[in-house]
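Heads up: numbering here begins at 1 and tracks the sequence.
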Amino acid sequence: MSKSKSTEYKADILIVDDTPDNLRLLSNMLMSQGYQVRKAINGQLALKGVEVSQPDLILLDINMPEINGYEVCKQLKSGEKTRHIPVIFISALDETLDKVKAFQVGGVDYITKPFQVEEVLARVENQLTIHQLQKQLYQQNAQLQLEIFEKQKVEEEIRFLFTTTQLISKSGDFNDALKVTLKQLCLAINWDLGEAWVPNNKISKLEYSTGWFTSEKSLEKFIEKSKSLTLAPNHGLPGRIWTSQKIEWVEDISAENKPNFIRQKDAGEVGLKTAFGIPILANDQVLTILVFYKKQLSQPEQRLVDLVNTVATQLASLIQLKRTEAALVKANQELERLATQDGLTGVANRRLFDEYLGIEWLQMYREQLPLSLILCDVDFFKLYNDTYGHLVGDFCLQQVAATINNCIKRPTDLVARYGGEEFAVILPNTDAKGALKVAESIRQKVQALKITHTTSSVSEFVTLSLGVTTVIPNPEINPDILIAITDKALYAAKQQGRNRIVLENLVEKS
């Protein structure tokens, strides 16, 4: 009997490539790691297959007959059921513009042929992890939004009962809501005094929180004594309600013969005769206890109990809503962080780089100010990985990223991981002289880390090659051209011996 997909396979991966050898190699590689693999020899078959059953990840070749990988990715990203499937491009095309286009159409990563097995597996696992986290956050987000909707629906159903619920909803925090509740309820039910008791931080005793009373000065004495009290579980009326989590009504305080009704004497001195208490609960936890007192004997009234209980439910709903909103904000912040931050180095990822470069390009165009771009590449990083291993290589990239980030002083500047061992720095309102100064600072400080690199032919330590371009944006060029020119400057730096900076100053040429 075959096992289910969830227990047998780590993930479902679709490989799209018109070269049988590539399909066979990638398929065997991934299947040996516990993945379920599906194959398609062209884009049309891939789109049909994905429509029937969505994979967890797609490895997509670019150069294919009839419909190329870019178009396949565009169609996937336009479909409601397929837009969230991560796509990793695998291609022999190694030009910067090819990579840029791959990310523009919706790709999450790009692997250049001929590929390394370890690299493919590492990138596949990384994207599957990110995709799974995003799915979890989307689900949590949807659940939290549903909870908020349900709470708001409850609020709408009970708001018409009395003005108190509106005032509670406008309260800035829990204490303000308690004050509003006590005052409005005392006025609504025509009782003389109300108090709120809350568990302390250790949840070992109840403490007085706030109170409200009519204009009779004698009642102030009762409130003042309450402020000095702490009540253990089952101690006094609030303590009993705290333990039982049930409403309690005391018809005649003076006739109360239970020894733990400690407020009998205090109540008698100011003329209070009847008491009524109700817990405010959330997820079976007592948030506070409301206790009301009246200077007349009064038998239990179901109408009054229902009215107070409705307000207590509204108050609990408000507290829960505030908590749910806080959780939703936290979930959205985490989702945004995942979407814009490189998981390994902590700096901005390629998506944020593209968005920010577009924004600053338009801003500098409007103001006719210079925009500088730096592309950095770790020299001989493949040899570094081969010598020391990928874990050490990852740590090296983290150190380099942190160092580059520390060289950036202005909040408008952005450091991003451009891909692999490449980093990019966007410097708005920065001329060529300023950009060169930043680039040289980056080069020197990375070398000053003294990260041993015995297989480098330019230094015994890890070094960077850097390309720098400065331009005042104009209609004749666009951000993609700026990237391409900077990439050529970077290439020139490598050709000239590495561990150096090459500048392309388009401002002077214009």
Please check if the side chain of [X] supplies one atom and the backbone of [Y] the other of a donor-acceptor pair under 3.5 Å.
X	Y	result
T345	Q398	no
K205	K202	no
W212	D192	no
N349	L352	yes
Q264	I253	yes
T274	K294	no
S53	G49	no
Y208	G211	yes
Q140	Q136	no
N309	V305	no

At what distance, to the nearest 0.5 angstrom, does [atom1] of [X] lie from [atom2] of [Y]?
X	Y	atom1	atom2	value
R123	Q116	CZ	CD	11.5 Å
L219	L193	CG	CG	5.5 Å
L14	Q54	CG	CD	11.0 Å
Y35	K10	OH	NZ	3.5 Å
S218	L272	OG	CG	7.5 Å
I111	I90	CD1	CD1	4.5 Å

Could you tell me whether [X] and [Y] make a salt bridge, using a distance below 4.0 angstrom between a side-chain N and a carboxylate O?
X	Y	answer
D354	R350	yes
D12	R38	yes
K217	E220	yes
E269	K225	yes
K273	E251	no
R417	E422	no
E248	R240	yes
K221	E224	no

Side chains of [X] and [Y]: is there a donor and an acceptor less than 3.5 Å apart?
X	Y	answer
T230	E207	no
E367	Q363	yes
D306	T310	no
T129	N126	no

Grab the two heavy atoms, one from [X] and one from [Y], that are nearest each other, plus how far apart they are.
X	Y	result
C186	G194	SG-N, 3.7 Å
R83	S78	NH2-O, 4.0 Å
K445	C407	CD-SG, 3.5 Å
L414	A348	CD1-CB, 3.8 Å
I85	K77	O-NZ, 2.7 Å
T452	Y388	O-OH, 3.5 Å

For atom [atom1] of [X], is the number of surrounding heavy atoms from other residues, nucleotides or ligands below 6.0 Å larger than 12?
X	atom1	answer
Q296	CD	no
K39	NZ	no
K295	NZ	yes
K179	NZ	no

With the side chain counted from C-beta on, respond yes when [X] and [Y] share a heavy-atom pair under 4.5 Å apart, and no when they do not.
X	Y	result
I58	V50	yes
C73	L60	yes
V108	I88	yes
L290	F276	no
I289	E195	no
L427	L373	no
V120	L26	yes
L57	Q127	yes

The test is side-chain contact (heavy atoms from CB on, under 4.5 Å); show your working for V72 and V16 and say whether it passes. CA-CA 10 Å; V72 172; V16 188; 5.7 Å; no
Residue set satisfying side chain to side chain contact (heavy atoms under 4.5 Å, CB included) with D394, at least two apart, ordered chain then number -> L344
Mutual orientation of the aromatic rings belonging to [X] and [Y] [parallel < 30°, tilted 30-60°, perpendicular > 60°]:
X	Y	answer
Y293	F222	perpendicular
F89	Y70	tilted
F381	Y384	parallel

ask   = So, for F292 and W191, is the gap between ring centers shorter than 6.0 Å?
value = no
*asked:* With a 6.0 Å cut-off on the ring centroids, do Y418 and F353 count as close?
replied: yes
Does the pair L185 and T181 meet the rule for a side-chain contact (heavy atoms from CB on, under 4.5 Å), with working shown? CA-CA 6 Å; L185 276 175; T181 301; 3.6 Å; yes
Stepwise, does the side-chain contact (heavy atoms from CB on, under 4.5 Å) test hold for L121 with L30? CA-CA 8 Å; L121 292 175; L30 294 170; 3.9 Å; yes
In I404, V425, D413, the residue satisfying side-chain contact (heavy atoms from CB on, under 4.5 Å) with I374 is V425
Exercise. Could you go step by step and tell me if L47 and L76 meet the side-chain contact (heavy atoms from CB on, under 4.5 Å) rule?
Worked result: CA-CA 7 Å; L47 291 172; L76 288 171; 3.9 Å; yes
| request: Check the pair S32, N28 against side-chain hydrogen bond (donor to acceptor under 3.5 Å, both in side chains), reporting the backbone distance first and the verdict last. | output: CA-CA 6 Å; S32 69; N28 291 338; over 6 Å; no
